[in-house]
Amino acid sequence: MVIWINSVSRRLPPWLLYMVAPLPVAWFLYLGFTGGLGVEPIRALEHKLGELGLQILLLVLAITPLRRYAGLNLLRFRRALGLVAFFYITLHLLVWLVLDVQIPAQIWADIVKRPYITIGMLAFVLMIPLALTSNNLSVRRLGKRWRKLHWLTYPAVLLGSLHFVLLAKGFQIEPLLYLGATVLLLALRLKKRSFGRLGTVGGARG
């Protein structure tokens with residue numbers, strides 16, 4: 001199965017992800033206009049976009065462990081997946097700004113006073129330089145600094161997961177599962193880096 005997936009993935013261009021990315025958004029909008037998002041469609045749309053963005057970020061974190069421990073090589077899609085995740089999270093933020101809160105003064109007050117919004121905004125800010133430098137020109141110009149800059153992915157995903165946990169009202173298992181998955185994936189990647197420092201240059205990749 002892994003061999004088949006690797007074979008198929010080698011034939012698929014990463015840009016296909018950019019074409020597919022708007023489809024879930026169109027589906028969510030359709031559900032919103034037809035009553036499929038419940039009694040609070042704006043809040044539901046906001047939640048779905050944010051959760052989908054977080055899911056894709058977790059997939060980005062999982063790419064290196066999947067290659068290392070399962071032999072599944074999706075590395076060529078990592079940059080595109082990161083940009084697609086940023087696309088969904090940007091839409092998540094815009095829905096909150098434009099459709100939910102709407103009042104500029106209230107937006108700033110919520111960012112300052114509500115910890116889950118403060119953390120969510122910080123995660124988004126960390127993602128901005130990652131999105132802006134996810135191109136071949138930036139890789140060439142920044143050199144080794146590009147890899148160091150993209151370590152910001154780790155705190156960004158961790159803060160995004162924490163944002164989800166704090167957003168939940170009462171005890172909910174789903175946000176905790178996301179946070180647990182984030183911590184596990186970060187631990188696997190840090191473990192890989194530790195072994196790389198003790199061994200050869202292999203730990204500097206991925």
Side-chain angles (χ1 to χ4, degrees), residues 17 21-22 24-25 27-29 31-32 37-66 78-134 148-190:
L17 291 173
V25 180
W27 174 245
F28 295 154
L29 290 175
L31 291 177
L37 292 182
V39 295
E40 293 187 326
I42 292 177
R43 292 288 179 88
L45 176 62
E46 184 182 324
H47 173 80
K48 285 183 176 296
L49 289 169
E51 186 173 14
L52 185 54
L54 180 58
Q55 289 170 350
I56 298 175
L57 283 176
L58 289 176
L59 177 57
V60 172
L61 283 186
I63 285 177
T64 293
L66 283 173
R78 183 164 60 185
R79 197 184 306 176
L81 285 169
L83 288 172
V84 170
F86 183 75
F87 167 71
Y88 288 127
I89 292 171
T90 301
L91 291 180
H92 164 74
L93 176 62
L94 288 175
V95 170
W96 177 70
L97 292 172
V98 179
L99 300 180
D100 191 354
V101 182
Q102 298 183 347
I103 305 172
Q106 185 62 43
I107 291 171
W108 178 248
D110 284 348
I111 293 173
V112 173
K113 295 180 180 180
R114 300 177 186 271
Y116 73 90
I117 296 180
T118 306
I119 291 173
M121 286 299 298
L122 180 57
F124 178 75
V125 169
L126 290 179
M127 290 188 66
I128 293 174
L130 300 178
L132 293 177
T133 58
S134 289
K148 292 182 178 180
L149 175 65
H150 279 249
W151 286 354
L152 290 176
T153 303
Y154 305 156
V157 181
L158 186 59
L159 289 171
S161 300
L162 186 57
H163 165 74
F164 192 13
V165 171
L166 295 176
L167 176 63
K169 296 180 180 179
F171 179 82
Q172 294 187 30
I173 189 65
E174 184 183 15
L176 294 175
L177 290 175
Y178 279 106
L179 181 59
T182 301
V183 172
L184 175 61
L185 290 171
L186 288 176
L188 289 173
R189 292 183 64 91
L190 291 174

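We number each residue from 1, following the sequence as shown.
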Is the closest side-chain heavy-atom distance between Leu45 and Leu29 below 4.5 Å? yes
Is the closest side-chain heavy-atom distance between Leu158 and Leu179 below 4.5 Å? yes
Closest heavy-atom contact between [X] and [Y]?
X      : Y      : value
Leu159 : Ile119 : O-CG2, 3.2 Å
Ala131 : Leu83  : O-CD2, 3.7 Å
Leu130 : Leu149 : CD2-O, 3.5 Å
Ala123 : Ala156 : CB-O, 3.6 Å
Leu37  : Lys48  : CD2-CE, 3.5 Å
Pro129 : Thr133 : O-OG1, 2.7 Å

Could you give me the CA-CA distance, side-chain angles and deciding distance for Leu81 and Ile63, then say whether side-chain contact (heavy atoms from CB on, under 4.5 Å) is met? CA-CA 10 Å; Leu81 285 169; Ile63 285 177; 3.8 Å; yes
side-chain hydrogen bond (donor to acceptor under 3.5 Å, both in side chains) against Gln172, all qualifying residues, sequence neighbours excluded: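 Applying side-chain hydrogen bond (donor to acceptor under 3.5 Å, both in side chains) to Gln172 gives none.
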For Glu174, what residues pass the side-chain hydrogen bond (donor to acceptor under 3.5 Å, both in side chains) criterion, not counting sequence neighbours?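 side-chain hydrogen bond (donor to acceptor under 3.5 Å, both in side chains) check on Glu174 returns nothing, list empty.
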Show your reasoning for whether side-chain contact (heavy atoms from CB on, under 4.5 Å) applies to Met127 and Leu57. CA-CA 11 Å; Met127 290 188 66; Leu57 283 176; 3.9 Å; yes
Enclosure of Arg43 CZ (heavy-atom neighbours >12, cutoff 6.0 Å): no
Distance check, rounded to the nearest 0.5 Å: [X] atom [atom1] versus [Y] atom [atom2]?
X      : Y      : atom1 : atom2 : result
Leu66  : Leu188 : CG    : CG    : 9.5 Å
Leu185 : Tyr154 : CG    : OH    : 10.5 Å
Leu177 : Leu58  : CG    : CG    : 11.0 Å
Met121 : Leu126 : CE    : CG    : 11.0 Å

List the atom pairs, with distances to 0.1 Å, where a side-chain N or O of residues 85-98 and a protein N or O form a donor-acceptor pair under 3.5 Å, not counting sequence neighbours.
residue	atom	partner	partner atom	Å
Tyr88	OH	Ala21	O	2.5
Thr90	OG1	Phe86	O	2.7
His92	ND1	Glu46	O	2.5

